[in-house]
Amino acid sequence: MKQLEIGVSVALAFLFLLVILSTAHLSYWSEATPGARFFPLWISLLGILLAGFVAWLAWKNPKQRSIDWPDREGAIRIGLIYLSVWFVVLSAPYLGFLTSATIFCLVFLLGLMRARVVPSIITTVVVIAIVRVLFVGVLDVQLPTGPFGF
Amino acid sequence: MDILSGLAEGFGVVLTFQSILSIIIGVVIGQIVGALPGVGGSAGMALLLPVTFGMPPVAALMLLAGIMYGSQYGNSLSAILLNVPGDSSSVVTAMEGNKLARKGMAGRALSVAAVSSFAGGIAATIVLAIATPIISKFALSFSAPEYFLLALLGITATASLGGGSMPKSLLAASLGCMIALIGIDPISGETRLTMGVSDLIDGIGFLPVAIGIFGVAEILVSLENKIVPTVLQARLRDIWPRWTDVVALRWAMFRGWLIGFFVGVMPGTGPTVATFLTYAVERKVSKDIDDEGSATALSSVEASNNSAATGAMVPMLALGIPGSASTAVLLAAFILLGIRPGPLLMVQQSSLVWGLIASMFVGNVILLVLNLPLAPFFAALLRIPYTYLASGILLLSMMGAYATTMSLFTVGTMLFFGGIGYILIKAGIPRAPIILALVLTPIMEAALRQSLTMSRGSMDIFFTRPISAVLLLVVLLTLLIPIIGAVIKRRRSIPTPRSA
């Protein structure tokens, strides 16, 4: 827990530092009005202080709270699920959103979660139908289409 | 009299086919998302927000509010029947209600939870109807400095009273502020923090962040383990409420409502803090709480969490300051639907506000009527393996994000924040302050810059105006109280030479 808390705090401190650097070209104050840099600068300084404080507290804390990490199999599954949702985003412009979503559903249920075949196919059909009817039919959302026209 | 005429106006808005349908859909969805472990009211509202874009604003807000308080009813189902809290506000319900269910009293536990939620919700809505116009009228005299401090109070109170570590909450809020600052500066027109990415010029929307860090992150955590839930049976005839129970538990409901409402009104607290406080009070007051499960404790905490969810609407409707993650999503819905929240809302959109309040009376009645006979149906829903539901929820999350901008970049942003949310859960960093800061930062920055322009750069403006000075004092108190509490706790834990 200690390492993760310190790691997250340090990452956030770097993020706030990046904000300070990337807003350097903006005006801090113009005539009688605070400029575009005013608020980000103060928030970043506060963020760096807080990140340092959280890291220090984690370092000093003698009581280690254990993290509820998944086991190896669970961690691999979560990693693959996260990659598979990214697959939908990255492949949708080429395959079409509904095609990518169908592949995702089947891979997720059959490949990653080892669910039974028939319920997985039924779930995929129902989910894709809901997305199609609700978002495309009712809300008129224009989804990226692929070579199959959907 | 103003309140009665306002309520009459509100019921005039509510008692139409479209409004009633919106409320029914909202509360049913609320019950479902509340019952499903790992979804919860805030994520459910964020997920469904894009679906409301084509609806009239009043109907859309009634639907979303229905999800908010409907989820409080739904939470109790999974808590009692599965011993899995739908969200953190039903942890105590799981502790007490599941013990009753294991003793063969699942039906009675569900009935007590539903009736108590109803009583807490209706009583809290009455106070909401009375308090909102009064606070709103008072807040009409507020100017930029007061708005800055109110928004700041929303964040510091969340950090201070939210129940977790204050430094971590403030750090999370700083991250939320930073996300909100990405895009074009509304005053100077300069672009900030876009890193040259043209898709970021319009900023990062509220929805992809909210869906990502609440919805996707929770689903990822839920999918870590393949657990087959054991759902306890509840017979329909046991579910009907008994008058003897209602009479016996009336004071427990009253205490739950009272504590829940006042905790809920305070920015940053919400139903979770309310239920734990109510439980602590109930354990001291009631004599029949033991380790076997108590209907009294269950009744009190269920009245409390629904009352707190309603109480959080007071600062949101009267001041435009959300007090919880759910009300932050509702506030975002106001903005996305083109309605400017704040004290003027009561004047400019009175029929909308009163309609929303009246819808909560109707919604609670619908929930009670639906909750009891449909409990076996919701219990059956809990038997569907989460795996099948998760694929649908993940796809709906992606569609929800896509529908806001019609861009896959937004879906990618949502997934990115899903990953961030997962890490934050593991690191024990609360996510609600990020959402609150995301909503409050534009208000806070604009008000701070206006205040400093008014005072020509002097900070005196925050001390010299009476209301500002009081608000500043309250902000400082929210920061100091946990520090003082920690110092006292530390001193008590150091053994004195005599005790050693």
Side-chain angles (χ1 to χ4, degrees), chain A residues 1 4-5 8-9 12 15-16 19 22-23 26-27 29-30 32-36 38-40 43-44 46-47 50-51 53-54 57 65 67-70 74 77-78 81-82 85-86 88-89 92-93 101 104-105 108-109 113 115 119-120 123-124 126-127 130-131 134-135 139 141-144, chain B residues 50-51 53-54 165 167-168 170-171 174-175 177-178 181 185 187-193 195 216 219-221 223-226 385 387-392 394-399 402-403 406 408-409 411-412 415 418-419 422-424 426-429 441 444-445 448-449 452-453 456-457:
Chain A
M1 184 68 180
L4 183 67
E5 278 185 18
V8 170
S9 303
L12 286 174
L15 186 75
F16 290 121
V19 169
S22 69
T23 54
L26 298 172
S27 60
W29 200 276
S30 56
T33 312
F38 180 82
F39 204 67
I43 291 291
S44 301
L46 187 70
L50 285 165
F53 188 57
V54 169
L57 283 178
R65 186 171 74 88
I67 306 173
D68 187 21
W69 287 117
R77 187 167 56 242
I78 292 301
I81 290 169
Y82 194 58
V85 282
W86 273 103
V88 179
V89 180
F104 159 74
C105 265
F108 171 80
L109 290 168
M113 301 306 292
S120 299
T123 304
T124 304
V126 170
V127 167
I130 290 172
V131 168
L134 185 63
F135 286 93
L139 295 172
V141 172
Q142 301 294 314
L143 292 173
Chain B
V51 179
F53 286 167
S165 148
K168 283 183 181 177
L170 288 174
L171 183 62
S174 306
L175 178 65
C177 288
M178 206 51 62
L181 290 172
D185 170 34
I187 296 174
S188 67
E190 293 169 287
T191 53
R192 294 186 294 197
L193 315 175
M195 312 288 166
V216 175
I219 293 166
L220 291 176
V221 172
L223 291 172
E224 282 177 352
N225 301 306
K226 284 195 218 173
T387 301
Y388 298 113
L389 298 171
S391 61
L394 278 171
L395 269 183
L396 285 177
S397 303
M398 285 192 260
M399 280 306 306
Y402 181 80
M406 305 289 174
L408 286 169
F409 183 83
V411 186
L415 293 178
Y422 181 80
I423 295 168
L424 293 178
K426 295 296 173 190
I429 293 177
T441 298
M444 210 158 63
E445 188 190 14
L448 176 63
R449 287 165 79 175
L452 293 175
T453 307
R456 296 188 168 272

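Excluded from the calculations below are hydrogen atoms, water molecules and symmetry mates; all remaining heavy atoms, backbone and side chain alike, are included. The structure displayed is predicted, hence computed values, not measured ones. Numbers restart at 1 for each chain; the letters A, B, ... are given by sequence-line order, proteins then strands.
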Flag, side chain of A/Tyr82 to backbone of B/Leu415, donor-acceptor distance under 3.5 Å: yes

Give the member of [options] that has the highest number of heavy-atom pairs under 4.5 Å with chain B.
options                              : value
A/Thr124, A/Ile43, A/Val126, A/Leu46 : A/Ile43
A/Gly47, A/Ala101, A/Ala92, A/Pro34  : A/Pro34
A/Gly74, A/Ala115, A/Ser30           : A/Ala115
A/Ile81, A/Leu15, A/Thr23            : A/Ile81

Parallel, tilted or perpendicular: ring planes of B/Tyr422 versus A/Trp69, cut at 30 and 60 degrees: tilted

Does any backbone or side-chain atom of [X] lie under 4.5 Å from a heavy atom of chain B? Answer side chain, backbone, both or neither.
X        : answer
A/Ser120 : both
A/Val88  : side chain
A/Val85  : both
A/Leu134 : side chain
A/Leu26  : both
A/Val131 : side chain
A/Ser22  : side chain

Nearest-0.5 Å distance, OG of residue A/Ser9 to CD1 of residue B/Ile429: 5.5 Å

Is there a side-chain contact between [X] and [Y] (heavy atoms, below 4.5 Å)?
X        : Y        : answer
A/Leu57  : B/Lys168 : no
A/Cys105 : B/Leu395 : yes
A/Phe53  : B/Leu171 : no
B/Glu445 : B/Ile187 : no
B/Cys177 : B/Met444 : yes
A/Leu50  : A/Phe16  : no
A/Phe135 : A/Leu143 : no

Counterpart residues, ring-ring contact (aromatic ring centres under 6.0 Å, His included), relative to A/Phe104 (two or more places apart): A/Phe108

Contact class of [X] relative to chain A, heavy atoms under 4.5 angstrom:
X        : answer
B/Leu408 : both
B/Tyr402 : side chain
B/Ser397 : neither
B/Leu181 : side chain

Contact leader toward chain A among B/Met399, B/Glu190, B/Met406, B/Arg456, where contacts are heavy-atom pairs under 4.5 Å: B/Met399

Heavy-atom pairs under 4.5 Å with chain A, option from B/Ala390, B/Gly412, B/Gly419 with the top count: B/Gly412

